[in-house]
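Written below as structure tokens is the structure these notes are about.
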There are 2 protein chains.
Amino acid sequence: MQLSATSQYAIRILVYMAGQKDSQSINAAELAETLLIPYKFLAKIMTSLVKVGLVESIRGKEGGYKLKKKASDIMVGDILDAFHDSIKDEQCILGIGFCNGICKCALHDQWMEPKLLLQKMFRESSLEDIAGRGCKR
Amino acid sequence: MQLSATSQYAIRILVYMAGQKDSQSINAAELAETLLIPYKFLAKIMTSLVKVGLVESIRGKEGGYKLKKKASDIMVGDILDAFHDSIKDEQCILGIGFCNGICKCALHDQWMEPKLLLQKMFRESSLEDIAGRGCKR
DNA sequence: TTTATATACTACTTAAAGGTAGAATTAAAG
DNA sequence: CTTTAATTCTACCTTTAAGTAGTATATAAA
Ligand code: SF4
Ligand code: SF4
């Protein structure tokens with residue numbers, strides 16, 4: 001019961017980028033080193049983030065990556081969506097999921113609460129919120 | 001962000017067993033068929049549940065499986081523990097987890113809430129609670 | 001005591017996640 | 001124009017989860 005390593009990495013990467021001065025690009029080597037993420041794996045993740053439109057890439061010498069939107073406009077949920085790791089409304093804790101409403105088991109209502117809290121957290125937490133305070137790692 | 005297939009299967013199996021008449025054993029073939037779980041995979045899961053002491057097995061003709069404790073004494077958390085799928089206290093949503101207390105990020109407190117709810121749900125929901133009402137699948 | 005029927009064990013296969021290697025591509029700077 | 005530093009692409013490797021196959025073992029019943 002946890003986020004995939006890829007999602008966790010992606011969030012940490014983007015949070016770190018949000019904490020840097022704007023309009024300045026950061027390259028993959030620096031990200032990999034500071035965040036302790038395998039360089040090649042990070043590069044692969046970055047390409048996904050570019051494809052999904054969260055990050056802008058600048059190739060060639062002096063290149064690197066930049067956020068494509070304001071840190072306050074990128075939500076954790078957007079990142080999870082990119083790696084199919086977000087929580088869908090229909091998601092059932094037991095992997096059945098089609099007994100909604102009618103004939104529900106005792107877990108149904110209890111799962112509703114934390115599910116909604118998680119969805120809300122993912123939907124409403126921006127990179128700015130996270131980068132703004134606390135440890136950046 | 002979901003339980004493993006193995007954990008989900010295990011819960012569904014035990015809930016179904018809890019819904020049956022007591023002191024009557026159920027065999028793997030019946031479980032696999034009614035719960036739509038691959039027979040051989042189910043058999044493997046059952047062996048784990050026996051080893052961890054949640055289920056008793058009766059070998060040979062007329063054999064099968066029986067719960068080793070009362071349905072009200074088997075908690076969902078016990079099952080998740082058996083497959084290393086439960087949520088640890090230190091578990092951090094970003095996979096870092098050692099900035100507890102000091103220097104916490106904006107997700108820390110927000111993650112706390114659903115985490116505690118989930119832990120509570122897993123700890124306090126018994127098979128009896130789930131099997132008692134709703135669809136048995 | 002044999003037979004049928006059940007679980008248990010060992011080993012393999014498949015699919016997905018996580019991770020690595022190297023060459024191709026791009027673009028600034030000398 | 002060449003060098004150099006960066007991303008991107010393609011392909012592969014490794015590990016773990018999920019699923020399968022076959023055989024050994026146990027036991028109630030015929
Ligand atoms: S009733 Fe239970 S099994 Fe059905 S969708 Fe809700 S949580 Fe899942
Ligand atoms: S502060 Fe943030 S990163 Fe650190 S343990 Fe808490 S949730 Fe994880």
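Labels below follow one simple rule: chain letters A, B, ... track the order of the sequence lines, proteins then strands, and each chain is numbered from 1. What you see is a predicted model; the values in this text were computed from it and never measured.
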**Side chains of B:Phe83 and B:Leu3 in contact at under 4.5 Å (non-hydrogen atoms)** = no
note: A:Leu3, atom CG; C:dA17, atom C1'; distance rounded to Å ~ 14 Å
CD1 of A:Ile96 to CD of A:Gln91, rounded to nearest 0.5 Å, is 13.0 Å
Using side-chain heavy atoms (C-beta onward) and a distance below 4.5 Å, is A:Ile93 in contact with A:Gln110? no
First and last nt of DNA chain D near chain A, cut-off under 4.0 Å to heavy atoms, 5' to 3', are D:dT4 to D:dC9
Can I get a per-line list of side-chain donor-acceptor pairs under 3.5 Å for residues 53-78 of chain B, giving both atom names and the distance, sequence neighbours left out?
residue	atom	partner	partner atom	Å
B:Asp78	OD2	B:Met75	N	3.0

Item checked: Note, A:Leu127 side chain near A:Ile79 side chain (heavy atom, < 4.5 Å) -> yes
Residues passing the salt bridge (Lys or Arg N to Asp or Glu O under 4.0 Å) test with B:Glu124, sequence neighbours excluded, are B:Lys120
Numerically ordered, the residues 79-88 of chain A set in heavy-atom contact under 4.0 Å with DNA chain C is none
Does some side-chain heavy atom of B:Trp111 sit less than 4.5 Å from a side-chain heavy atom of A:Leu118?
yes
Using a 4.5 Å side-chain heavy-atom cut-off and chaining through intermediate ILVMFWY residues, the residues clustered with B:Leu117 come out as A:Leu117
I'd like to know whether CD of A:Glu30 has more than 12 heavy-atom contacts from other residues, nucleotides or ligands below 6.0 angstrom. yes
- prompt: Is any side-chain heavy atom of B:Asp89 closer than 4.5 Å to a side-chain heavy atom of B:Lys115?
  reply: no
Protein heavy-atom contacts under 4.0 Å, written 5' to 3' over nucleotides 5-15 of chain C as B (base), S (sugar-phosphate only) or - (none), form the string BBBBS------
